[in-house]
Protein chains: 2
Amino acid sequence: MTTHLPDGVSVDATPVGPTDENHIAKAAPETPADRRDTIELLGLVAQLEDVAFARLAADAALAPSTEQRLALTQFAAAAVVRRDRVLARITDLGGDPVAALRQYDHVLDDFDARTQPSSWWERLLKAYVGYGVADDFCRIAAEGLDETSRAMVLEILDDASHADLAVAELDAAGSSDGVLTARLALWGRRLVGESLGVVQRLLVQRPGLVRVLTRSRDADVPAVDAADLNTNQPTKLFSELTAQHTRRMSRLGLTA
Amino acid sequence: MTTHLPDGVSVDATPVGPTDENHIAKAAPETPADRRDTIELLGLVAQLEDVAFARLAADAALAPSTEQRLALTQFAAAAVVRRDRVLARITDLGGDPVAALRQYDHVLDDFDARTQPSSWWERLLKAYVGYGVADDFCRIAAEGLDETSRAMVLEILDDASHADLAVAELDAAGSSDGVLTARLALWGRRLVGESLGVVQRLLVQRPGLVRVLTRSRDADVPAVDAADLNTNQPTKLFSELTAQHTRRMSRLGLTA
């Protein structure tokens with residue numbers, strides 16, 4: 001399985017030269033329309049960090065140990081810093097950061113209502129799977145941004161150290177408990193289904209995001225191609241997100 | 001009314017020389033017993049920042065506007081950073097930061113149960129008054145610490161920018177609404193009464209805190225003197241906390 005997700009992205013705010021004949025990376029969006037679409041994606045990234053803050057804070061309040069509470073509150077604080085970096089970029093691009101953020105204010109409300117965790121482990125897995133799909137979507141979409149925005153989004157998404165806590169704890173718990181493992185595998189399938197549903201609704205409601213996805217830097221394998229646009233079921237994007245989810249579940253020894 | 005609370009404290013981590021004939025500031029606690037008492041106070045300061053994080057995060061989730069949510073989450077993130085600075089100092093002093101924090105895990109549970117805000121304004125005032133009394137208590141107690149710990153605690157408490165938000169909003173709302181003003185004045189009286197109750201319980205339960213208070217650097221007006229110790233009603237401390245509360249309410253145009 002090949003993937004066009006970058007591993008170990010190096011961050012450089014200066015524009016890079018042409019990477020191949022089909023693509024020239026730009027330090028800023030080229031047209032006002034590109035700029036609007038870029039801001040639309042950045043608004044989503046900022047909102048997801050904002051939601052991550054609220055979730056991590058809620059998780060911290062329920063954490064079984066003081067050590068976990070300390071770790072989760074640190075992750076929550078880091079999400080605020082990441083969100084504010086994205087908002088600053090929106091300002092740099094001449095956008096209104098509050099408006100860009102606000103348009104996604106209820107983007108995960110339905111998802112949250114449908115996926116109420118019933119235990120600490122389900123809560124951890126929800127964070128891991130839910131953030132995972134959202135982060136992967138933003139990573140793929142970031143490939144269609146100007147170089148500065150792209151590098152910033154990828155750097156932010158790489159700093160998702162909260163996943164490590166989830167992995168360590170779920171791994172330790174799951175390996176000794178077959179019933180828990182089976183239950184969490186089922187929970188993971190429900191979570192990824194609902195997560196992909198969120199992505200699908202976003203593509204229907206946000207043509208700007210679709211345009212960013214079609215501008216992917218990786219010209220051979222665009223995340224969304226013209227044929228996909230009519231169905232709102234971009235095959236490449238969804239198979240990519242599903243593959244990453246499978247990989248993620250395997251890290252926990254869980255069947256996706 | 002005189003006060004021994006410092007205004008515009010300048011922070012300097014290096015030990016200062018004798019400030020008067022009665023007092024020599026030390027860069028570290030002198031005896032193992034002093035060290036334990038210092039860690040006991042630092043644990044409380046860390047816990048109060050931890051609680052501040054949880055409250056600010058909860059306030060953010062209920063904030064009426066996106067701008068307020070952004071500000072409150074930033075304050076919450078700052079509380080995590082402040083807490084971690086205090087925990088690092090506990091480690092420097094050879095203490096166990098998690099244990100120091102954990103001993104105060106439920107210190108405000110009763111207070112919270114008794115003071116459930118019924119509106120956004122009551123919530124803001126609760127943060128302002130509740131943090132205010134807690135911060136003043138820690139400021140007064142910090143005078144009994146070694147110079148490095150004292151400077152750090154005072155610096156941390158001076159960074160309480162969330163109070164400004166509360167003041168700006170409450171002031172704007174209250175000035176145009178006499179009924180709200182009267183209601184909030186009543187709420188403020190209830191809050192300060194419950195806050196002073198928390199301080200009183202702490203003094204009964206934590207002899208280490210009382211010892212720190214009696215070591216106040218300001219020898220002429222110790223926050224707690226020997227006679228107070230029998231009654232657990234240190235007059236000087238409580239009159240100081242009350243005076244600061246009155247000043248705080250006046251800033252809002254509310255009667256204390």
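Sequence lines set the chain letters: A, B, ... in the order given, protein chains first and strands last, and positions in each chain run from 1. The shown structure was predicted, so the numbers you read here are calculated from the model rather than taken from an experiment.
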*Looking at B:Tyr104, does the NZ or CZ of B:Arg206 lie under 6.0 angstrom from its six-membered ring centre and within 45 degrees of the ring axis?*
yes

*asked:* Just by distance, no angles: are the side chains of B:Glu122 and B:Ser119 close enough, under 3.5 Å, to form a donor-acceptor pair?
replied: no

*Give, as side chain, backbone, both or neither, the part of A:Leu70 having an atom under 4.5 angstrom from any heavy atom of chain B.*
both

_Student check: side-chain heavy atoms of A:Asp34 and A:Leu145 closer than 4.5 Å_ = no

*chain B contact via A:Ala54 - which portion, at a heavy-atom distance below 4.5 Å*: neither

_chain B contacts, top residue of A:Thr66, A:Val80, A:Thr73 (heavy-atom pairs, under 4.5 Å)_ = A:Thr73

*Pair A:Arg102 + A:Asp105, salt bridge at N-O below 4.0 Å*: no

